[in-house]
Amino acid sequence: MSRYDAREIERKWQDAWEAAEVFRARHDPSRPKYYVLEMFPYPSGRIHMGHVRNYALGDVIARFKRARGFNVLHPRGWDAFGLPAENAAIEKGVPPAEWTYRNIEAMRAQMLPLGFSIDWSREFATCDPEYYGQQQALFLDMLDAGFVTRKAAVVNWDPVDMTVLANEQVIDGKGWRSGAPVERRELTQWFFKISDMAGELLEALDGLEAWPEKVRLMQRNWIGRSRGLQFAFETEGAPSGFEALEVYTTRPDTLWGASFAAVSPEHPLARALEGDPAVAAFLAECRALGTSEEEIETAEKKGFDTGIKVRHPFDPAWELPVYIANFILMDYGTGAIFGCPAHDQRDLDFARKYGLPVIDVFAAPDSEARVEAEAFVPTKTEPVDYLRPVALGPDNSSRMTGEQALDGAIGFCEERGLGAGVVKYRLRDWGLSRQRFWGCPIPVVHCSACGVVPEKRENLPVRLPDDATFDKPGNALDHHPTWTRTTCPACGGAARRETDTMDTFVDSSWYFARFTAPGAATPTDAAEADYWMNVDQYVGGIEHAILHLLYSRFFARAMKATGHLPAKAIEPFDALFTQGMVTHETYSTPGADGRPLWREPGEVVRDAAGARLADGTAVEIGPSTKMSKSKKNVVDPDEIIARYGADTARWFVLSDSPPERDVEWTAAGAEAAHRHLGRVWRLAHESGADGPGEAEAGAALTRAAHRAIRDVTADIEGFAFNKAIARLYELTGAIGKASAAPADERRAALRILAQLTAPMTPHLAEDIWIAAGGTGLVAEAPWPVADESLLTEARVTLPVQINGKRRAEIVVPSGSDAAAVEAMVLADAAVLRVLNGATPRKLIVVPNRIVNVVL
RNA sequence: GCGGACGUGGCGAAACGGUAGACGCGGCGGACUUAAAAUCCGCUUCCUUCGGGGGUGUGGGUUCAAGUCCCACCGUCCGCACCA
């Protein structure tokens, strides 16, 4: 072999790793474990550069920790249930299981050449009956333990996917997957009672110090804690059963500014009035308006005066009208509010429209201004002057912050029995029922005699049928001729299976625990879970910042409560890293209809002057965006591996940007990465001069190698992989220039380079390790340790600033004390020239760094 | 509107409050070659009268010293939002 042949090298070392079972994770209590996990992929059929980056990042950590002496668990599986498989079944007639497993085969075949240090013996797919059967067992345990409930609920109905969506899966009023506007339907649904855990899930965020602050903040906002007053208005003229109207408010301090009350169109009171044709017409109008929050938000505020009155809690003689209003959400608080137009823009718009009074409760300090067109809504931490406080502030003044006023108002109302301070959360229960075929069947049966009955544990898994047909819309399980027929586990009579399957977020909420014992006959194995949990480092995309991570945190708690995880695992991910995307320039030529015609990078010839097609057509270069099929700015990992090898792809996605930021894939960058690896290969294989060499050059090289050990180690630990790579470029350059160094020292430096580069380019590292006289596998070699005595230079160059401007530099022995440095500075010719006879007022000497002369 | 992140050469980016621009891309020059490719070496923030002078979005401030800390503003991106 006379040049760098990535393909041959990579195949050879992958075989060697496999033969030695280097990456097989074995329970070994004598060694500290380290569990590194990347978010598992959906088997769409092809891997993309985003996968390569995600797994390259995780592999650096896994290989580094292994070299540092940890017993590393680095597994991979497949998030295999979901709609695309059913869509394929509908469109192409391929059974979902066949489509899915075929995709898994294809993607695994694409992944293996990348040489990730995965323990493939633990691989599973969530659609394996062995996995989802355990998930069913887990579900039954959670049902027994009270974490699951079944309730009639207004649900988000996706009319395209024909399924129910969790609130969390509705984005801007549209289904997160289909993008179709969501409709509202009432169904009986299965729920995980995650809202019961809202407070705990919120508080525990504080302990997740190795999570990005951004993710913790997003979860905090999602859980949405608020404190306020819940109280009941006494009603006048309401139907029987509605003598009181429960209201929740976060601003009880504005009660003196109340001018109306309003209920949601879905409020029971509104429904009770629906017999009135006018009410019915208004409610119909509200429903026709659409149900997305976005539509509700942008619609004109409309209300219907019910004629009912409520008494103001502070003054029974003061009556407020009760409206049904289209902007009140049933899901938040009690679905009923009081309106304070002066301090809420929605209420103000509403009051202006219906001629209701606007009563100022507070104003900016010392301001005479009163609310006109815009409501006055200061932050709750800002002090304001209360014109009519419910209670005075802490210092008996009417000037206080909203928070102080809130405390005072809650206290005032509680003392008089007018209401209670309560904490509410925005987080709602997690609806897990899906009316789809390709998911984990919910293991219960419906018996006409016994009602809803859990399936017996010994009958698990409740398997999906292999012979479903997809010629009708809706749930193929419902259409199956025999699958739904079963016997009741309680009475033995004829019964019908539940045909709802589970949200795929359930599958991904515990897979990390299953990896600790993928073959166990129970969901987890206590000893294995105790040894391997928690995930020490989780790596994935920011798009999962809320749903997947919140659900997993909930599941971990429920699994602890049901005996499936140890107490330490209630927060399953000790550290989280969210990586950026892989982007690429976009290329387009003018299309016939005036819209851009997107061009693949392969069609485009790019040079300094611009870009054009092979036939010379000018190509417009657009901004670099996430690689996507629609814009065709996609680079296929297969092609890159075929042309340059896996190490080049790995090196490039790690090298150019910090991992949390987006990285732009460029053809020139990939070329450069490959060129560098070729250079490393040549350095190891070209026959350097034998013989004694020059001791000084050897010493300098050895020092450079040990500095690289120190720096690369620190950079990897700090996730600064781009900086680690910069240090490796430097070390490579130093070896290349050290042709005069003794051969032994040169080879020692090459072995250090092999070890330091192994997390990024593991195949090439093995190759140069052997070439430089290493024994065994780098993948099994301990991480090198820097020799402290080699890290300091004998002399350092200190810049000398005069009044903060750099004017000279002096060379002093490393570690010189301040007095010695001062003397040298004051004797320096360049310094004396600038001083021009002046006497410095002060000399600041920062040892080994800098000197500043102050005049 | 609220919350957060960010703003540094032609580009991707470095920089415990201590020489701004490490490292890479691109560019320029050179070596090798009949030539090219490959490879290697050097230069590459801007201005400059070659002495220097300016420079990290803008304007202030703190400090011996500010890309870094503080205040205000401008811009970009992300998250949340008629949430009572």
Side-chain angles (χ1 to χ4, degrees), chain A residues 3 212-222 224 226 228-230 247-252 254 261-262 264 293-294 296-299 301 325-329 331-340 343-350 375 377 379 424-426 542 545-546 607-608 624 651-652 655-658 660-673 675-676 678-679 682 686 711 720 722-733 736-737 797-809 840-855:
Chain A
R3 57 176 198 88
E213 184 50 43
K214 181 186 185 167
V215 173
R216 293 198 283 169
L217 186 72
M218 285 165 75
Q219 293 221 350
R220 263 184 214 114
N221 291 338
W222 192 262
S226 71
L229 179 77
Q230 185 154 335
V247 169
Y248 172 71
T249 175
T250 57
R251 293 309 297 260
T254 64
S264 161
E293 289 194 11
E294 189 184 16
I296 291 172
E297 282 164 24
T298 50
K301 276 79 192 151
N326 64 356
F327 62 95
I328 312 295
L329 305 177
D331 297 336
Y332 195 85
T334 62
I337 63 148
F338 79 83
C340 176
H343 304 296
D344 184 304
Q345 191 60 44
R346 295 160 293 167
D347 295 350
L348 183 63
D349 295 345
F350 192 81
V377 190
T379 65
K424 286 199 186 289
Y425 297 94
R426 180 184 174 277
I542 189 75
I546 298 175
D607 57 34
S624 195
W651 182 262
F652 179 68
S655 68
D656 237 28
S657 294
E660 67 276 12
R661 230 180 282 178
D662 290 351
V663 64
E664 182 179 9
W665 185 277
T666 61
E671 282 283 353
R675 230 170 21 233
H676 168 75
R679 183 168 184 235
R682 279 194 308 278
E686 69 197 10
D711 294 341
N722 56 325
K723 283 163 65 184
I725 281 178
R727 302 284 86 83
L728 292 169
Y729 270 109
E730 282 177 338
L731 178 57
T732 304
K737 284 191 173 68
T797 303
L798 296 187
V800 179
Q801 295 183 330
I802 295 175
N803 278 352
K805 287 206 181 297
R806 184 177 168 281
R807 296 292 185 184
E809 55 184 40
R841 245 180 41 224
K842 203 160 139 191
L843 253 76
I844 311 251
V845 178
V846 183
N848 284 351
R849 284 219 88 103
I850 200 167
V851 181
N852 195 3
V853 180
V854 187
L855 291 180

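When reading the values below, keep in mind they use all heavy atoms of this one structure, side chains included, and skip hydrogens, waters and symmetry mates. Fair warning: this is a prediction, and the values are worked out from it, not measured in the lab. In what follows, every chain begins at residue 1, and chains take the letters A, B, ... in the order their sequences are listed.
- Closest to the side chain of A/Glu730, out of B/C64, B/G4, B/C23, is B/C23.
- Listed by chain and number, the residues in a side chain to side chain donor-acceptor pair (under 3.5 Å) with A/Arg220 are A/Asp206, A/Glu213 (sequence neighbours excluded).
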Shorter than 3.5 Å, N or O on both sides, protein versus nucleotides 40-46 of chain B: list them out with atom names.
{"from": "B/C40", "atom 1": "OP1", "to": "A/Arg679", "atom 2": "NE", "distance (Å)": "2.9"}

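- A distance of about 13 Å separates the P atoms of B/A15 and B/C6, rounded to the whole Å.
- Here A/Tyr248 lies in heavy-atom contact (under 4.0 Å) with a base.
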Item to check | Per-nucleotide protein contact string for nucleotides 6-18 of chain B, where B marks a base within reach and S marks sugar-phosphate only (heavy atoms under 4.0 Å, - for neither) | outcome: ------SSSSB-B

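- Only the P atoms considered, B/C74 is 32 Å distant from B/C64, to the nearest whole Å.
- B/U62 and B/G17 have their C1' atoms separated by 12 Å, given to the nearest Å.
- Taking the P atom of each, B/U34 and B/G24 are spaced 31 Å apart, rounded to whole Å.
- Every side chain to side chain contact (heavy atoms under 4.5 Å, CB included) that A/Ala336 has, sequence neighbours left out, goes to A/Leu245, A/Val247, A/Val263, A/His267, A/Thr334.
- The side chain to side chain donor-acceptor pair (under 3.5 Å) search around A/Tyr425 returns none, not counting sequence neighbours.
- Computed from coordinates, the A/Arg426 CZ to B/G3 P distance equals 17 Å when rounded to whole Å.
- With sequence neighbours excluded, the residues satisfying side chain to side chain contact (heavy atoms under 4.5 Å, CB included) with A/Ala720 are A/Asp715, A/Asn722, A/Lys723.
- Remark: A/Ala670 pairs with A/Tyr644, A/Trp665 by the side chain to side chain contact (heavy atoms under 4.5 Å, CB included) rule, at least two apart or across chains.
- Residues that satisfy the side chain to side chain donor-acceptor pair (under 3.5 Å) test with A/Arg679, not counting sequence neighbours, are absent from this structure.
- Taking for each of A/Ile337 and A/Met218 the nucleotide of RNA chain B with the nearest heavy atom, the 5'-most of the two is the partner of A/Met218.
- Remark: A/Phe350 engages A/Phe260, A/Tyr323, A/Phe327, A/Tyr354 in a ring-ring contact (aromatic ring centres under 6.0 Å, His included) (not counting sequence neighbours).
- Taking atom C1' on both B/U49 and B/C40, the two are 38 Å apart, rounded to the nearest angstrom.
- At least one side-chain heavy atom of A/Ile844 sits less than 4.5 Å from a side-chain heavy atom of A/Lys842.
- Consecutive Watson-Crick or G-U pairs involving RNA chain B, each under 3.5 Å on both distances, make up stems of three or more pairs at B:1-7 with B:74-80, B:10-12 with B:23-25, B:26-31 with B:39-44, B:45-47 with B:52-54, B:57-61 with B:69-73.
- The CD-P distance, from A/Glu213 to B/A5, rounds to 8 Å in whole Å.
- For A/Gln801, there are no side chain to side chain donor-acceptor pair (under 3.5 Å) partners at least two apart in sequence or on another chain.
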Next on the checklist: Test side chain to side chain contact (heavy atoms under 4.5 Å, CB included) on A/Arg3 and A/Arg682; report intermediate values, then the result.
Outcome noted: CA-CA 7 Å; A/Arg3 57 176 198 88; A/Arg682 279 194 308 278; over 6 Å; no

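- B/C78 atom C1' lies 15 Å from atom CH2 of A/Trp222, rounded to whole Å.
- Atom name C1', nucleotides B/U48 and B/G55: the rounded distance is 14 Å, in whole Å.
- Separating the C1' atom of B/G79 from that of B/A14 is a span of 29 Å, rounded to the nearest Å.
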Pairs under 3.5 Å (N/O, protein and nucleotides 50-56 of chain B):
{"from": "B/G53", "atom 1": "OP1", "to": "A/Arg807", "atom 2": "NH1", "distance (Å)": "3.0"}

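- Whole-Å rounding puts the A/Ile802 CD1 to B/U19 P distance at 16 Å.
- Looking at which nucleotide of RNA chain B each of A/Ile542 and A/Thr334 is closest to, the 5′-most match is held by A/Ile542.
- The shortest distance between the side-chain N/O atoms of A/Arg220 and the OP1/OP2 oxygens of B/G3 is not below 4.0 Å.
- Using a 4.5 Å heavy-atom threshold, the side chains of A/Trp651 and A/Leu728 count as touching.
- If you take atom C1' in B/G27 and the same atom in B/G10, they sit 9 Å apart, rounded to whole Å.
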